[in-house]
There are 2 protein chains.
Amino acid sequence: MRLSNLADYAVVTMCQAARHCGGGKVSATELAHESGLPAPTVQKVVSKLTSAGLLRSSRGAGGGLQLARPAAAISLADIVEAVEGPIALTACVEGEDCAVHEKCSVKPHWPIVNSALRGALADIPLTRLAQIPQVKEVA
Amino acid sequence: MRLSNLADYAVVTMCQAARHCGGGKVSATELAHESGLPAPTVQKVVSKLTSAGLLRSSRGAGGGLQLARPAAAISLADIVEAVEGPIALTACVEGEDCAVHEKCSVKPHWPIVNSALRGALADIPLTRLAQIPQVKEVA
DNA sequence: GTGAAATCGGAACGAATCAGTCCGATTAGA
DNA sequence: TCTAATCGGACTGATTCGTTCCGATTTCAC
């Protein structure tokens, strides 16, 4: 019931990347430095995000990363799915390989819960996440 | 992003227990037999559910289990929390021990997602889950 | 009152997944 | 052509999850 750390890091990394999107390419090392996360971990996250098609990577000297799509077209659900795979609370939702699937009265209700969760994640675009909300620390 | 197997088993077990609620006490072994789950696993699940106050156990010969509350007063969120602990997608939601909490622009958005998920789980009472929906298999 | 049976409760073991780290392959630039 | 910097994938260690087993407790029957 808890999001993996990698997924959490991926969200933070994507926010940083979104801020640099207008400024061209950014290296994974720089993103790690800005976010305060371990550089190798960021590299792993970046690798998954690139494979999922959310980031576009340019290799070689002077290379770097940039968003593959506009920030408005990337939702929180996309990022989570890129790292954790399809959003499915139970195995019933995507695969039907359940030992008690025939006598299971709970099965029909899982898609409802699953859709609610996915909807909540899809409702938040990257643009909103990347907004720096002029934080006012209340001491 | 996936529910643990234990939580899934807990939901199924609670459904079985709800059906036997009117008929008195049921042993964990019997629940395991009916649901087709391994008996030791059901015992572990029952143990957690009892500790959480969802089930009431009677020891000794002729003992068994019964719902501690009416089925209508038990929600899917209660069962999940009993097994998996508090529903918190990230550590930010309950504890503030995050390495980048001060510069994290994502943090304010997690409670929204978390509430949506918890609301979806809390909306489904055990009574609805226990209904046997006269399944009509479409071949 | 005693014995026996049946039950739950907690503890221990093994497996799988996840987080973190490192090195190699590739590519652009000089 | 060479160098340098980058991403990509593979490996190791650790944590958590799932499963199983055994002991403590309680009730019923005699």
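Chain letters run A, B, ... following the sequence lines, proteins first, then strands; residues in each count from 1.
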Gap between atoms [atom1] and [atom2], on [X] and [N] respectively (whole Å):
X     : N      : atom1 : atom2 : result
A:L49 : D:dG8  : CG    : P     : 11 Å
B:L3  : D:dC17 : CG    : P     : 12 Å
B:L31 : C:dC8  : CG    : C1'   : 13 Å
A:E84 : C:dA19 : CD    : C1'   : 12 Å
B:E30 : C:dC8  : CD    : C1'   : 16 Å
B:L37 : D:dG18 : CG    : P     : 13 Å
A:R56 : D:dC7  : CZ    : C1'   : 15 Å
B:K48 : C:dC8  : NZ    : P     : 17 Å

Can you check whether [Y]'s main-chain N or O pairs, donor with acceptor, with [X]'s side chain at less than 3.5 Å?
X      : Y     : answer
B:D78  : B:S75 : yes
B:S47  : B:Q43 : no
A:N114 : A:I87 : yes

My understanding is that only one of A:S58, A:S57, A:S27 makes a side-chain contact (heavy atoms from CB on, under 4.5 Å) with A:L65; could you say which? A:S57
Return no unless some side-chain N or O of [X] is found under 4.0 Å from OP1 or OP2 of [N].
X     : N      : value
A:T50 : D:dG8  : yes
A:S57 : D:dG8  : yes
B:S47 : C:dG10 : yes
A:S4  : C:dA19 : yes

Could you walk me through whether A:E84 and B:R2 pass the salt bridge (charged side-chain N to carboxylate O under 4.0 Å, His left out) check? CA-CA 9 Å; A:E84 303 231 330; B:R2 180 161 297 188; over 6 Å; no
Each nucleotide of nucleotides 20-30 of chain C classed B (base within 4.0 Å of a protein heavy atom), S (only sugar-phosphate) or -, in 5' to 3' order, makes BB---BSBS--
With a 4.0 Å cut-off, would you call A:E34 and A:R19 a salt bridge? no
Do B:Q66 and B:H20 have side-chain N/O donor and acceptor atoms under 3.5 Å apart? no
